[in-house]
Amino acid sequence: MTPNERAAWLRTEIERHNVLYYVHDAPEIGDSEWDVMFHELKAIEDEHPELRTQDSPTQRVGVAPVSKFEPYRHGVPMLSLDNAFGEDELRAFDERIKRVLAIDVEVEYEAELKFDGLSMSLTYVDGVLQVGATRGDGISGEDVTTNARTVRGIPLRLQREMLGKLEVRGEVLMFKTVFETLNRDRVARSEQAFVNPRNAASGGMRQLDSRLTAERKLNFFAYGLGFADGQFREVHDQFALMQTLRTLGFPVREETRVCVGIDRLIEFVANVQQSRSRLPFGIDGVVIKVNNFDLQKELGFTARGPRWAVAYKFPAEQAFTILNGIENQVGRTGVVTPVAELEPVFVGGVTVSRATLHNYQEVLRKDVRVGDTVTVQRAGDVIPEVVGPVLEKRNPDSKVPRIPSVCPVCETPLIQQEGMVALRCPNSKGCAAQIQCKLQHFVGRNAMDIEGLGEKQIERYMNLNPPLLTDIPSIYGLKDHREILLSLERMGEQSVTNLLDAIEASKNRPLDRFLFGLGIRQVGDRTAGDLARTFGSLDGFMAATYDRLVLVPDIGPTTASEIEEWLELEENKKLIDALLKAGVVPTEPELPSGNLFAGQTVVFTGKLEKFKREDAEALVMRQGGKAAGSVSKNTSFVVAGPGAGSKLDKATQLGVQVMTEAEFLDMVPELMRNVE
DNA sequence: TTACCTCGAGCTCA
DNA sequence: CTCGAGGTAA
């Protein structure tokens with residue numbers, strides 16, 4: 001046997017034993033025998049580095065660090081599921097399914113554990129793990145392949161021949177026992193312990209050095225399919241898919257069940273909930289999917305996610321703590337928000353010390369008083385909530401919180417608009433809190449993106465005597481105060497230069513970012529983009545009238561009048577003048593250079609050969625068209641490349657014209673294809 | 001909202 | 001070594 005053959009044999013054999021261990025929980029050999037094989041393989045690879053492969057088990061201990069993670073665009077978006085709390089919402093889900101399918105028989109559901117970890121997309125090409133990526137915003141995540149290779153249970157090579165591309169999805173998580181040992185070790189080395197297994201797992205996947213990821217001993221369970229090159233034609237339901245994934249070498253939990261009808265489903269959910277603490281890892285609910293793929297297809301998707309699945313979340317964990325006080329926070333628009341200051345309490349895996357009380361109507365409705373023992377919970381999402389007071393523990397002398405009559409920061413009398421619950425500080429120009437929020441928004445990442453001007457620095461510069469920052473234009477005056485900046489703590493030559501450079505660089509941000517940065521009410525980054533495209537220039541925008549504004553697609557009467565109001569205010573005109581005087585010249589958006597696609601909405605799906613998708617979309621927009629993300633009846637046509645998935649199905653279903661990339665290119669004269 | 005990782009740069013002490 | 005900022009995840 002040549003070293004090459006021997007190495008290949010060892011690799012297959014080691015992976016087979018890994019699968020027996022991690023997938024089937026039925027090892028055939030002991031740890032020491034496994035070690036012997038592993039070390040022999042390692043020795044061969046060390047001696048003949050050219051024999052080392054990416055799917056070799058030796059890669060599981062990690063490789064040299066990468067410098068950063070590359071963005072990874074998902075071929076099929078990783079959507080999120082709707083949540084359901086309690087039996088009622090589960091029944092409502094079932095009703096909706098039956099209604100949409102127009103059937104009266106019991107639906108077959110597949111129910112699986114909802115792991116408390118982080119989701120991963122694993123792409124295999126010809127059976128070998130090619131890419132492991134995080135979910136990100138669902139459209140694109142990060143390529144963490146080297147880290148993924150160290151996760152036990154993620155097969156580096158599939159157990160069966162499988163030609164073509166395959167994307168499997170699942171969850172990376174840390175077992176409770178691993179978490180405890182890891183923390184014991186960390187404490188022994190006087191390192192900071194992790195707060196919960198989820199964070200330890202999530203942090204592990206964020207390591208640039210995959211050897212450190214390997215030390216976290218992470219696990220993986222598969223739960224679904226992103227994309228398959230047609231390899232799964234024989235598989236017609238989710239449960240069968242899970243079994244097939246298992247035969248391919250993916251760990252799949254045994255708890256997965258098929259439940260016929262909502263009553264069986266609710267029984268199962270209750271069982272899982274009851275026994276969840278006995279599981280070796282954390283879960284936060286049960287994922288329920290309509291089992292049959294044909295029915296799934298029929299149900300389709302909403303804008304948010306699949307209509308055929310729901311995430312049942314366990315009731316939020318609750319804890320008792322003391323309400324130490326109520327802070328009144330003043331936001332960018334002057335709205336005063338009461339925030340509960342809580343005695344820190346560990347609930348739902350984190351320490352909660354603050355929670356919004358939204359408004360005083362809520363405070364009164366809940367009848368919480370300072371000094372009360374209150375119930376706090378962290379519901380399915382991430383926002384902690386004060387549920388209410390524990391009345392038995394109330395001090396009889398406690399007083400109902402007083403609704404502030406003046407701004408806690410600038411002491412201007414607060415106003416309450418007709419029909420609104422919110423209290424507002426009307427001193428938009430002089431209130432330090434509002435100014436600080438406006439500054440933060442203006443320099444923020446989606447606006448002018450001035451690096452080095454964070455919350456702390458803004459606060460610091462505003463509180464100097466005399467203040468360096470007083471309003472938005474004063475940002476551009478910082479360069480005249482180099483000495484003062486240098487005299488501040490932790491501001492050396494380099495920091496000051498970097499800050500001033502970043503401020504200079506922000507002067508030519510695109511118009512849409514600039515408009516967003518102004519913080520006009522109702523104008524988020526989307527609307528700012530619409531405005532920039534419609535009016536083309538700052539002057540154009542400043543001259544906009546209500547009548548013109550309501551004509552902008554996606555801008556309604558409310559937004560239009562907010563913008564009109566903003567434009568009419570003298571102080572805002574002065575603000576723009578001051579910024580222009582300071583040298584701010586927003587870059588005007590590229591106007592459509594043609595009208596080839598005027599009025600058309602184009603959707604790209606699948607992989608494009610000659611174009612990057614963004615470039616193709618930019619081309620459509622330059623030619624006066626709109627590039628949309630999803631197919632609807634308003635779509636003019638769909639350009640489908642290889643690997644097109646649900647969007648293609650949707651297009652066929654709606655009878656929308658579909659063309660190939662080549663056909664699309666034929667529509668575009670050579671000259672117009674150039675991408676600047 | 002909280003927790004984690006990474007980076008650049010300033011600060012501190014040898 | 002420590003801090004602040006920036007990014008990401010749920």
Side-chain angles (χ1 to χ4, degrees), chain A residues 65-72 78 80-81 83 114-120 133-144 147 171-174 179 182-183 186 190-210 212-213 216 218 282-285 311 313 316-317 329 337 339-342 344-358 376-386 440 443-446 449-461 485-499 501-502:
Chain A
V66 295
S67 57
K68 62 169 179 130
F69 300 125
E70 297 298 329
Y72 179 80
M78 293 181 83
S80 50
L81 301 182
N83 292 329
K114 184 176 187 317
F115 309 104
D116 190 13
L118 64 159
S119 32
M120 285 291 287
T134 61
R135 177 177 182 281
D137 60 5
I139 306 296
S140 71
E142 285 180 314
D143 182 336
V144 290
N147 289 346
E171 193 99 342
V172 169
L173 48 78
M174 185 180 282
F179 171 73
L182 178 71
N183 265 354
R186 285 177 74 92
S190 56
E191 289 167 348
Q192 191 69 47
F194 292 110
V195 183
N196 59 45
R198 207 201 68 76
N199 282 338
S202 170
M205 290 310 285
R206 304 212 51 73
Q207 294 287 346
L208 292 176
D209 186 341
S210 52
L212 300 177
T213 312
R216 302 258 170 122
L218 302 174
I283 59 172
D284 54 3
K313 296 270 190 117
E317 201 187 307
Q329 254 180 17
T337 309
V339 176
E341 293 172 329
L342 303 162
V345 59
F346 195 74
V347 51
V350 296
T351 307
V352 171
S353 53
R354 300 166 64 77
T356 177
L357 291 165
H358 301 105
V376 297
Q377 67 177 14
R378 235 169 56 106
D381 39 20
V382 293
I383 300 160
E385 183 188 10
V386 174
Q440 269 174 48
V443 305
R445 199 157 59 94
N446 296 320
D449 194 19
I450 300 179
E451 228 174 278
L453 249 197
E455 187 187 326
K456 290 268 167 43
Q457 303 304 330
I458 291 177
E459 193 174 341
R460 198 166 144 198
Y461 301 154
L485 289 171
L486 278 168
S487 71
L488 298 175
E489 210 157 280
R490 282 194 165 267
M491 285 300 280
E493 193 64 47
Q494 195 62 52
S495 302
V496 172
T497 305
N498 289 350
L499 174 62
D501 286 352

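Chain identifiers are assigned alphabetically (A, B, ...) following the order of the sequence lines, protein sequences preceding nucleic acid strands; residue numbering begins at 1 within each chain.
- The side-chain heavy atoms of A/Thr351 and A/Phe346, taken from C-beta on, include a pair separated by under 4.5 Å.
- When each of C/dG6, B/dG10, B/dT6 is scored by its nearest atom to the side-chain atoms of A/Gln494, the top-ranked nucleotide is B/dG10.
- Of the candidate nucleotides C/dA9, B/dG10, B/dT6, B/dT6 has the atom nearest to the side chain of A/Gln207.
- Set against B/dA3, B/dT2, B/dT6, the side chain of A/Arg354 has B/dT2 as its closest nucleotide.
- Considering only side-chain N and O atoms, A/Asn199 lies nowhere under 4.0 angstrom from the phosphate OP1 or OP2 of C/dA10.
- At the heavy-atom level, A/Thr497 lies nowhere under 4.0 Å from the strands shown.
- Between the CD atom of A/Glu459 and the P atom of C/dG4 there is a distance of 11 Å, rounded to whole Å.
- Where A/Gly203 and A/Ser353 meet DNA chain B, the nucleotide closest to each residue was compared, and A/Ser353 sits on the side nearer the 5' end.
- For A/Glu191, the CD atom sits in a packed shell: over 12 heavy atoms of surrounding residues, nucleotides or ligands are nearer than 6.0 Å.
- Backbone-only contact: A/Gly117 has heavy atoms under 4.0 Å from sugar-phosphate atoms and none from a base.
- Rounded to whole angstrom, the span from the CZ atom of A/Arg445 across to the P atom of C/dG4 amounts to 21 Å.
- Within the nucleic acid shown, A/Ile450 comes within 4.0 Å of sugar-phosphate atoms alone, with no base atom in reach, counting heavy atoms only.
- Of the candidate nucleotides B/dC7, B/dT2, C/dG4, B/dT2 has the atom nearest to the side chain of A/Val352.
- Among the nucleotides B/dT1, C/dG6, C/dA10, the one closest to the side chain of A/Leu118 is C/dA10.
- The side chain of A/Ser119 places an N or O atom within less than 4.0 Å of a non-bridging phosphate oxygen (OP1 or OP2) of C/dA10.
- For the OP1/OP2 pair of C/dA9 and a distance below 4.0 Å, the side-chain nitrogens and oxygens of A/Thr134 include at least one atom meeting the criterion.
- Of the listed nucleotides (C/dG4, B/dG10, C/dG6), C/dG4 has the atom at the smallest distance from the side chain of A/Gln457.
- To the nearest angstrom, P of C/dT8 lies 11 Å from CG of A/Asn446.
- Ranking C/dG7, C/dA10, B/dC7 by closeness to the A/Leu208 side chain, first place goes to B/dC7.
- At a cut-off of 3.5 angstrom, counting only N and O atoms as typed in the model, there is no donor on one side facing an acceptor on the other between the side-chain of A/Arg378 and the base of B/dT1.
- The distance between atom CG of A/Leu342 and atom C1' of B/dT2, rounded to the nearest whole Å, is 14 Å.
- No engagement by A/Gly349 is indicated, since no non-hydrogen atom pair under 4.0 Å with the nucleic acid exists.
- Backbone-only contact: A/Asn498 has heavy atoms under 4.0 Å from sugar-phosphate atoms and none from a base.
- Protein atom OH of A/Tyr72 is 19 Å distant from nucleotide atom C1' of C/dT8, rounded to whole Å.
- When all heavy atoms of A/Leu342 and A/Ala355 are compared, the pair lying nearest together is CD1-CB, 4.1 Å.
- Under a 3.5 Å cut-off, the side chain of A/Asn196 and the backbone N or O of A/Gly349 do form a donor-acceptor pair.
- Protein atom CE of A/Met205 is 14 Å distant from nucleotide atom C1' of B/dC4, rounded to whole Å.
- A/Glu493 comes within contact range of the sugar-phosphate backbone alone, with a heavy-atom separation under 4.0 Å but no base atom that close.
- Looking at A/Glu171, its side chain does come within 3.5 Å of a backbone N or O of A/Gly117 through a donor-acceptor pair.
- Across all strands, A/Gly204 comes closer than 4.0 Å to no nucleic acid atom at all (heavy-atom distances).
- Among the heavy atoms of the strands lying under 4.0 Å from A/Ser67 are primed sugar atoms or P, OP1, OP2 only; no base atom is included.
- Comparing atom distances between the A/Arg490 side chain and each of B/dA9, B/dC5, B/dC7 picks out B/dA9 as nearest.
- Position along DNA chain B of the nearest nucleotide to A/Glu489 versus A/Arg216 favours A/Arg216 as the more 5'-ward residue.
- Annotation for A/Gln377: atom CD counts as buried by contact number, over 12 foreign heavy atoms lying within 6.0 Å.
- The separation between A/Leu173 atom CG and C/dA10 atom C1' is 14 Å, rounded to whole Å.
- Side-chain atoms of A/Val350 lie closest to B/dA3 of the nucleotides B/dA3, C/dG6, C/dT8.
- Across all strands, A/Thr351 comes closer than 4.0 Å only to sugar-phosphate atoms, never to a base (heavy-atom distances).
- Note: CG (A/Asp284) to P (C/dA9) measures 17 Å, nearest angstrom.
- For A/Lys456, the listed nucleotide lying nearest its side chain is C/dG4; candidates were C/dG7, C/dA10, C/dG4.
- When all heavy atoms of A/Arg460 and A/Leu488 are compared, the closest pair comes out as NH2-CB, 3.0 Å.
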